[in-house]
Amino acid sequence: QVQLVESGGGLVQTGGSLRLSCATSGRTFRRYGMGWFRQAPGKEREFVAAISWSGDSTYYSDSVKGRFTISRDNAKNTVYLQMNSLKPEDTAVYYCAAKAVDGRVWTYNVIASAEFYALWGQGTQVTVSS
């Protein structure tokens with residue numbers, strides 16, 4: 001069973017940058033597609049970005065496209081979310097999620113759904129001040 005631990009959150013000013021990391025335990029990291037979600041107070045959990053097990057395919061929500069970059073290092077069992085040009089509306093708890101690869105090809109709408117992922121981290125707070 002893969003366990004997920006996020007880090008890298010914090011307080012940053014508008015226009016600043018942060019890099020989130022999600023470290024995973026276990027030896028089967030490369031068998032998982034990975035995603036990042038976020039949840040602001042009083043709002044539903046929202047898809048941010050996802051990456052295939054190989055790293056060849058990436059997916060982004062419209063709200064972060066061009067500002068955020070998801071990547072993974074399978075040798076380090078870690079997935080990253082580089083966040084640039086941060087805005088106050090990016091303030092949320094950010095969660096890492098994992099989905100075991102089963103050979104099927106999934107559409108964007110499925111990959112962007114929280115129900116697609118079986119494993120979740122505990123979250124890391126990102127606060128962007130105006």
Side-chain angles (χ1 to χ4, degrees):
Q1 181 91 351
V2 172
Q3 294 184 328
L4 314 177
V5 179
E6 302 96 334
S7 62
L11 174 64
V12 64
Q13 291 185 334
T14 297
S17 298
L18 283 174
R19 188 176 81 154
L20 305 184
S21 299
C22 175
T24 67
S25 62
R27 295 176 292 179
T28 58
F29 177 67
R30 58 175 49 84
R31 298 182 185 176
Y32 287 82
M34 303 297 295
W36 285 97
F37 286 74
R38 66 188 182 186
Q39 188 166 19
K43 295 188 177 181
E44 293 186 353
R45 193 165 293 192
E46 171 191 28
F47 172 73
V48 175
I51 189 167
S52 63
W53 68 271
S54 64
D56 289 344
S57 298
T58 56
Y59 311 85
Y60 297 94
S61 69
D62 287 342
S63 61
V64 307
K65 196 174 297 182
R67 300 188 297 122
F68 291 10
T69 303
I70 189 172
S71 61
R72 66 188 295 160
D73 185 338
N74 285 347
K76 296 183 178 180
N77 293 344
T78 302
V79 63
Y80 305 97
L81 185 69
Q82 177 66 44
M83 305 186 297
N84 299 329
S85 302
L86 283 161
K87 305 174 182 179
E89 51 264 43
D90 294 318
T91 295
V93 177
Y94 282 70
Y95 297 90
C96 174
K99 161 67 176 178
V101 173
D102 60 10
R104 287 181 283 182
V105 177
W106 301 97
T107 64
Y108 173 87
N109 285 344
V110 171
I111 292 169
S113 169
E115 290 72 23
F116 182 67
Y117 298 85
L119 303 172
W120 292 84
Q122 83 290 348
T124 185
Q125 177 71 47
V126 171
T127 302
V128 184
S129 63
S130 57

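- For Asp102, the salt bridge (Lys or Arg N to Asp or Glu O under 4.0 Å) criterion is met by Arg104, not counting sequence neighbours.
- Residues passing the salt bridge (Lys or Arg N to Asp or Glu O under 4.0 Å) test with Glu89, sequence neighbours excluded: none.
- Summarising the geometry, atom CH2 belonging to Trp53 is positioned 9.0 Å from atom CZ belonging to Arg72; distances are rounded to the nearest 0.5 Å.
- With values rounded to the nearest 0.5 angstrom, Trp36 atom CH2 is found 14.0 Å from Ser61 atom OG.
- The closest side-chain heavy-atom distance from Asn84 to Phe68 is not below 4.5 Å.
- In this structure, the separation between CZ on Arg30 and CG on Asn77 is 7.5 Å, given to the nearest 0.5 Å.
- For residues 110-130, the ring pair (Phe, Tyr, Trp, His ring centres under 6.0 Å) pairs, not counting sequence neighbours, are Phe37-Tyr117, Phe37-Trp120, Trp106-Phe116.
- Atoms OG1 and CE, from Thr58 and Met34 in turn, are 14.5 Å apart once rounded to the nearest 0.5 Å.
- Annotation: side chain to side chain contact (heavy atoms under 4.5 Å, CB included) contacts of Gln122 (sequence neighbours excluded): Val5, Glu6.
- Of the listed residues (Val48, Ile51, Thr69), just one forms a side-chain contact (heavy atoms from CB on, under 4.5 Å) with Tyr60, and that residue is Thr69.
- Both Leu18 and Val79 belong to a common hydrophobic cluster when Ile, Leu, Val, Met, Phe, Trp and Tyr are linked at side-chain heavy-atom distances under 4.5 angstrom.
- Remark: Arg38 pairs with Glu46, Asp90 by the salt bridge (Lys or Arg N to Asp or Glu O under 4.0 Å) rule, at least two apart or across chains.
- Residues passing the ring pair (Phe, Tyr, Trp, His ring centres under 6.0 Å) test with Tyr94: none are found, sequence neighbours excluded.
- When the side chain to side chain contact (heavy atoms under 4.5 Å, CB included) test is applied to Ser85, the partners found at least two apart in sequence or on another chain are Arg67.
- Partners of Lys65 by salt bridge (Lys or Arg N to Asp or Glu O under 4.0 Å), not counting sequence neighbours, listed by chain and number: Asp62.
- Dense packing is recorded around CZ of Arg45, with more than 12 heavy atoms of other residues, nucleotides or ligands lying under 6.0 Å away.
- Cluster membership check: Val110 shares its hydrophobic cluster with Tyr95, using side-chain heavy-atom separations under 4.5 Å among Ile, Leu, Val, Met, Phe, Trp and Tyr.
- When all heavy atoms are compared, the tightest approach of Thr14 to Ser130 is OG1-CA, 3.4 Å.
- A donor-acceptor pair is defined here as one N or O able to donate and one able to accept, closer than 3.5 Å; such a pair exists between the side chain of Ser25 and the backbone of Gln3.
- With contacts defined as side-chain heavy-atom distances shorter than 4.5 Å, the pair Ser17/Gln82 qualifies.
- Leu11 pairs by the side chain to side chain contact (heavy atoms under 4.5 Å, CB included) definition with Thr127, Ser129, not counting sequence neighbours.
- Between the CD1 atom of Ile70 and the OG atom of Ser57 there is a distance of 11.5 Å, given to the nearest 0.5 Å.
- The minimum heavy-atom distance between Gly123 and Val93, with the atom names listed, is CA-CG1, 3.8 Å.
- Scanning for ring pair (Phe, Tyr, Trp, His ring centres under 6.0 Å) contacts around Tyr80 gives an empty result, with sequence neighbours left out.
- The heavy-atom pair separating Phe29 from Thr24 by the smallest distance is CD1-OG1, 3.1 Å.
- For the side chain to side chain donor-acceptor pair (under 3.5 Å) test, residues two or more places apart in sequence or in another chain that qualify with Ser113 are Glu115.
- We find the OG1-CG distance between Thr78 and Leu20 to be 12.5 Å, quoted to the nearest 0.5 Å.
- When all heavy atoms of Val128 and Thr91 are compared, the closest pair comes out as N-OG1, 2.9 Å.
- In terms of the ring pair (Phe, Tyr, Trp, His ring centres under 6.0 Å) criterion, Tyr32 has no residue partners (sequence neighbours excluded).
- Judged purely by distance below 3.5 Å, without hydrogens or angles, the side chains of Thr107 and Asn109 never pair a donor atom with an acceptor atom.
- Counting only heavy atoms from C-beta outward, the side chains of Arg19 and Leu81 never approach each other to under 4.5 Å.
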